[in-house]
Amino acid sequence: GIENALRACHCIIFHYISKLVGEAGEANQCLAGELVATCAASSDIKLLHSLYEQILMTNNVELALRVDGSSLENWLLHEKKDANILWKYYSFCGRNILAGDIIWKK
């Protein structure tokens with residue numbers, strides 16, 4: 001059905017993001033960043049959560065941290081609940097007081 005089709009589309013997108021991130025070269029890294037930014041602009045929550053999970057599963061935390069928007073923060077707070085990534089996110093965004101609060105609570 002439609003869920004399987006959407007899941008297949010997500011997998012194709014994630015494959016190309018992983019491929020681009022894994023290849024050397026500034027152009028590939030830039031293209032991967034643009035692809036992630038385009039996906040992150042989606043209103044499809046399932047896509048967003050899958051995107052964040054995929055990026056973190058492939059150890060591309062820095063790429064995830066560049067995602068602009070409150071959906072990543074909400075996902076980190078309420079779904080992922082990973083203090084190590086959350087404080088890095090706050091620090092990356094210049095929200096150092098929140099980053100410090102997270103570290104303090106650990």
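Everything numeric in this text was worked out from a predicted model, so none of it was measured.
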Considering non-hydrogen atoms only, spot the tightest contact between Ser91 and Ala99 and give its length. N-CB, 3.8 Å
Student check: side-chain heavy atoms of Leu86 and Leu77 closer than 4.5 Å: yes
To the nearest 0.5 angstrom, please state how far the OH atom of Tyr16 sits from the CG atom of Asn28. 13.0 Å
For Cys39 and Ile13, which heavy atoms make the closest approach, and how far apart are they? SG-CG2, 3.5 Å
Can you confirm whether His15 sits close enough to Lys19 that some side-chain heavy atom of one is under 4.5 Å from a side-chain heavy atom of the other? yes
For Glu73 and Tyr90, does a side-chain donor sit closer than 3.5 Å to a side-chain acceptor? yes
Hits for side chain to side chain donor-acceptor pair (under 3.5 Å) against Glu3, two or more places apart or cross-chain, chain-then-number order -> Lys46
Please set out all donor-acceptor pairs under 3.5 angstrom arising from side-chain atoms of residues 4-12, sequence neighbours excluded.
| unit_1 | atom_1 | unit_2 | atom_2 | d |
| --- | --- | --- | --- | --- |
| Asn4 | OD1 | Arg7 | NH1 | 3.1 |

So, do Leu51 and Phe14 sit near enough that their side-chain heavy atoms are less than 4.5 Å apart? yes
Taking Asn60 for the side chain and Thr58 for the main chain, is one N or O donor matched with an acceptor at less than 3.5 Å? yes
Could you tell me whether the side chain of Tyr89 reaches within less than 4.5 Å of the side chain of Asn84, counting heavy atoms only? no
Determine whether Phe92 and Glu62 make a side-chain contact, defined as any pair of heavy atoms from C-beta on separated by less than 4.5 Å. yes
All heavy atoms of Leu63 vs all of Gly33, minimum pair found to be CD1-CA, 4.1 Å
Please step through side chain to side chain contact (heavy atoms under 4.5 Å, CB included) for the pair Glu53 and Lys80, ending with a clear verdict. CA-CA 8 Å; Glu53 194 64 54; Lys80 188 68 175 168; 3.1 Å; yes
Distance in Å, Met57 CE paired with Ser18 OG, rounded so as to fall on 0.5 Å steps: 8.0 Å
With no hydrogens and no angle check, do the side chains of Asp44 and Ser42 hold a donor and an acceptor under 3.5 Å apart? no
Report the distance from atom CD1 of Ile85 to atom CG of Leu56, rounding to the nearest 0.5 Å. 4.5 Å
Out of curiosity, Leu20 CG to Glu34 CD, how far, rounded to the nearest 0.5 Å? 10.5 Å
Are any of the side-chain heavy atoms of Leu48 and Leu72 separated by less than 4.5 Å? no
Side chain to side chain, Ile55 and Val36, heavy atoms closer than 4.5 Å: yes
What's the separation between atom CG in Asp82 and atom NZ in Lys88, rounded to the nearest 0.5 Å? 8.5 Å
Would a distance-only check, ignoring hydrogens and angles, find a side-chain to backbone donor-acceptor pair under 3.5 Å from Gln29 to Glu23? yes
